[in-house]
**Student:** 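First, the structure itself, so that you have it in front of you.
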Amino acid sequence: MNKIRVMIVEDSLVVRTYLEHIIHQDTRLTVAASVASAEDALTVLPQVKPDVISLDIRLPGMNGLEATLRIMAEHPTPIVVLSANVDSDELKISMNALRAGALSVVEKPLGAMGKDYDLIRTRICDQLASMSVVKVVRQRSPRTLELKHNVSINNGINPAVPFRRAHQDFRMMGIVASTGGPNALVHVLSRLPANFPLPILLVQHITSAFLQSFTSWLEGLCPFKVIIAKDGEFPVAGHIYVAPDDHHIILEAGRITIKSSPPVSLQRPSGTVLLESMANVLGSRALGVILTGMGDDGALGIKAIHDAGGYTIAEDESTCVVYGMPGVAVRLGGVTDLLPLDQIASRLNEIVLKAGVRKNVI
């Protein structure tokens, strides 16, 4: 079995040596190249042709964001961003690198004696291994963060079909996303109006160290207040409630409940747990959206909303970074509309406007 070939891009010799050691210890991986700058990486990339790149976000000269833009424009390769700081401008660069085409961001190891070293080491290797199989595509322009794509046939689910149940009275929207999710979320949420009348509950699979920074970054790019959900609060319009680290977010009797029950689909928080609770409480008044992501989390939850008479949307394969979670939802028969990314916000506006909403009534 061929090992996964990793290119390390890291200016610190100490960290670069640690990463080489970590990768050599993992039987799935091997170091294909190890360079100290983005410029060096771009020079050797055509010859090395790695399966995946471990990319430091703060580099001398060209930073990780600029490097991501260049790599995705010239030699598309799966990228895992490594970031040392979780509360600084470095995180903004990291999150924007995700918008530019990087697949995930993980915490950088600070040494074998550092806190949570074993956990971070395992997380890095797992991310490199799993992201190496993602089929990334060339970005048309290295200077734009806008997603370009073509509309697909949608497997027989027709996005042009008009909204069919105008009597529905939606009360809440749940969204689930994983790999490629930050970019997809911004694409959808930034195109909703500030007066969008539904509270939004969100599960985004992301490394715990970056959760708070992710919420701040997302708030800066969409017209809503984005907060980490707290146990017992009533969701209100104009807010996005993000599932907290290592806990499920559940809707019970109109309130948010935070639970540490076992993972579902290997995830905690789980999108399926959230969406199933919305189906149980809201029935046909629930609106569910499942975006790009690896695995199957959220698919059973989308089906639960669909079976309860609610409305469900899945991102089409033509724009997904990974057509895992949406694809499973489609195969389960739980999707009302299968839409490319740039049609999701307009469909949400259409169905919520036509359905009408009575605020703060569950």
Side-chain angles (χ1 to χ4, degrees), residues 4-24 26 29-117 120-121 123-125 127-128 131-132 136 138-139 141-145 182-183 206-207 209-210 212-214 216-217 220:
I4 296 163
R5 303 174 70 253
V6 183
M7 173 186 278
I8 299 170
V9 186
E10 168 59 60
D11 65 307
S12 165
L13 177 60
V14 172
V15 176
R16 195 161 68 247
T17 302
Y18 273 126
L19 288 171
E20 292 171 4
H21 176 68
I22 287 170
I23 290 168
H24 281 308
D26 193 294
L29 310 174
T30 188
V31 176
S34 185
V35 298
S37 70
E39 290 83 354
D40 289 344
L42 288 164
T43 298
V44 302
L45 187 57
Q47 290 75 43
V48 175
K49 296 180 180 178
D51 299 309
V52 63
I53 297 172
S54 165
L55 179 64
D56 181 23
I57 203 65
R58 191 174 292 281
L59 293 163
M62 186 185 303
N63 67 24
L65 173 58
E66 289 293 318
T68 298
L69 289 164
R70 286 281 303 277
I71 290 168
M72 298 311 296
E74 299 171 15
H75 304 284
T77 307
I79 296 172
V80 174
V81 167
L82 268 63
S83 178
N85 298 316
V86 297
D87 56 359
S88 69
D89 287 343
E90 185 165 322
L91 259 296
K92 294 180 181 178
I93 299 174
S94 300
M95 292 298 163
N96 282 325
L98 295 181
R99 293 193 69 195
L103 296 179
S104 67
V105 55
V106 295
E107 193 172 357
K108 182 188 294 187
L110 300 179
M113 302 303 293
K115 182 182 178 183
D116 297 329
Y117 172 79
I120 292 172
R121 177 186 63 187
R123 185 176 289 146
I124 290 172
C125 290
Q127 285 291 302
L128 290 171
M131 296 304 126
S132 69
V136 294
R138 187 183 303 274
Q139 301 293 311
S141 168
R143 294 294 171 184
T144 179
L145 294 180
N183 183 33
I206 194 166
T207 303
F210 303 106
Q212 185 63 62
S213 295
F214 165 72
S216 299
W217 173 82

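In this text the structure is predicted, and so the values were computed from the model without any measurement.
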**Student:** Can you tell me how far apart CZ (Arg121) and CD1 (Ile23) are? Round to the nearest 0.5 Å.
**Tutor:** 12.5 Å

**Student:** Determine, step by step, whether Val31 and Val6 satisfy the side chain to side chain contact (heavy atoms under 4.5 Å, CB included) criterion, reporting the C-alpha distance in whole Å, the side-chain angles of both residues, the deciding distance to 0.1 Å, and the verdict.
**Tutor:** CA-CA 5 Å; Val31 176; Val6 183; 5.5 Å; no

**Student:** I want to check something: taking the side chain as every heavy atom from C-beta on, are Ser54 and Val80 in contact at a cut-off of under 4.5 Å?
**Tutor:**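 Not in contact.
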
**Student:** Return yes if some donor-acceptor pair links the side-chain N/O of Thr207 with the main-chain N/O of Phe210 below 3.5 Å, else return no.
**Tutor:**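 Between the backbone of Phe210 and the side chain of Thr207 there is no qualifying donor-acceptor contact (under 3.5 Å).
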
**Student:** What's the spacing between Gln127 CD and Leu82 CG if we round to 0.5 Å?
**Tutor:**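 If I round to the nearest 0.5 Å, the distance is 10.0 Å.
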
**Student:** With sequence neighbours excluded, what pairs up with Asp51 under the salt bridge (Lys or Arg N to Asp or Glu O under 4.0 Å) test?
**Tutor:** none

**Student:** Evaluate side chain to side chain contact (heavy atoms under 4.5 Å, CB included) for Ile79 paired with Ile71, printing each intermediate quantity in order.
**Tutor:** CA-CA 9 Å; Ile79 296 172; Ile71 290 168; 3.9 Å; yes

**Student:** Given side chains that start at C-beta, do those of Leu65 and Asn96 come closer than 4.5 Å, heavy atoms only?
**Tutor:**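 Yes. Closest side-chain heavy atoms under 4.5 Å.
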
**Student:** Is atom NE2 of His21 surrounded by more than 12 heavy atoms (other residues, nucleotides or ligands) closer than 6.0 Å?
**Tutor:** no

**Student:** Show your working on side chain to side chain contact (heavy atoms under 4.5 Å, CB included) between Asn63 and Ile57 and close with a plain yes or no.
**Tutor:** CA-CA 6 Å; Asn63 67 24; Ile57 203 65; over 6 Å; no

**Student:** Atom CZ of Arg123 and atom CD of Glu107: how far apart are they, to the nearest 0.5 Å?
**Tutor:**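 Arg123 CZ to Glu107 CD: 7.0 Å, rounded to 0.5 Å.
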
**Student:** Let's go through Val81 and Val106 carefully: what are the C-alpha distance in whole Å and the side-chain angles of both, what is the deciding distance for side chain to side chain contact (heavy atoms under 4.5 Å, CB included) to 0.1 Å, and is it a yes or a no?
**Tutor:** CA-CA 6 Å; Val81 167; Val106 295; over 6 Å; no

**Student:** If we only count heavy atoms from C-beta on, is the Asp56 to Val15 side-chain gap below 4.5 Å?
**Tutor:** no

**Student:** Out of the candidates Val48, Leu45, Leu55, only one should pair with Thr77 under the side-chain contact (heavy atoms from CB on, under 4.5 Å) rule; please name it.
**Tutor:** Leu45

**Student:** Please list all pairs passing the side-chain hydrogen bond (donor to acceptor under 3.5 Å, both in side chains) test where one or both residues lie in residues 5-17, with sequence neighbours left out.
**Tutor:** Glu10-Lys108

**Student:** Under 4.5 Å between any side-chain heavy atoms of Met131 and Ser104, yes or no?
**Tutor:**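 Met131 vs Ser104: side chains touch.
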
**Student:** For Ala100 and Leu69, which heavy atoms make the closest approach, and how far apart are they?
**Tutor:**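 Looks like CB-CD2, 3.6 Å.
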
**Student:** Got a second to check how far Ile53's CD1 is from His75's NE2, nearest 0.5 Å?
**Tutor:**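 With rounding to 0.5 Å, CD1 (Ile53) is 10.0 Å from NE2 (His75).
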
**Student:** Quick check: do Val9 and Val35 have side-chain heavy atoms less than 4.5 Å from each other?
**Tutor:** yes

**Student:** Quick one: are Leu98 and Pro182 in side-chain contact, heavy atoms under 4.5 Å?
**Tutor:** yes

**Student:** Is there side-chain contact between Ser94 and Ser83, with at least one heavy-atom pair below 4.5 Å?
**Tutor:** yes

**Student:** First locate atom CD of Glu20, then atom CD1 of Ile22, and finally report the distance between them rounded to the nearest 0.5 Å.
**Tutor:** 10.5 Å

**Student:** Using a 4.5 Å cut-off on heavy atoms from C-beta on, say whether the side chain of Trp217 contacts that of Arg99.
**Tutor:**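 They are in side-chain contact.
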
**Student:** Could you walk me through whether Asp40 and Thr43 pass side chain to side chain donor-acceptor pair (under 3.5 Å), step by step?
**Tutor:** CA-CA 5 Å; Asp40 289 344; Thr43 298; 5.2 Å; no

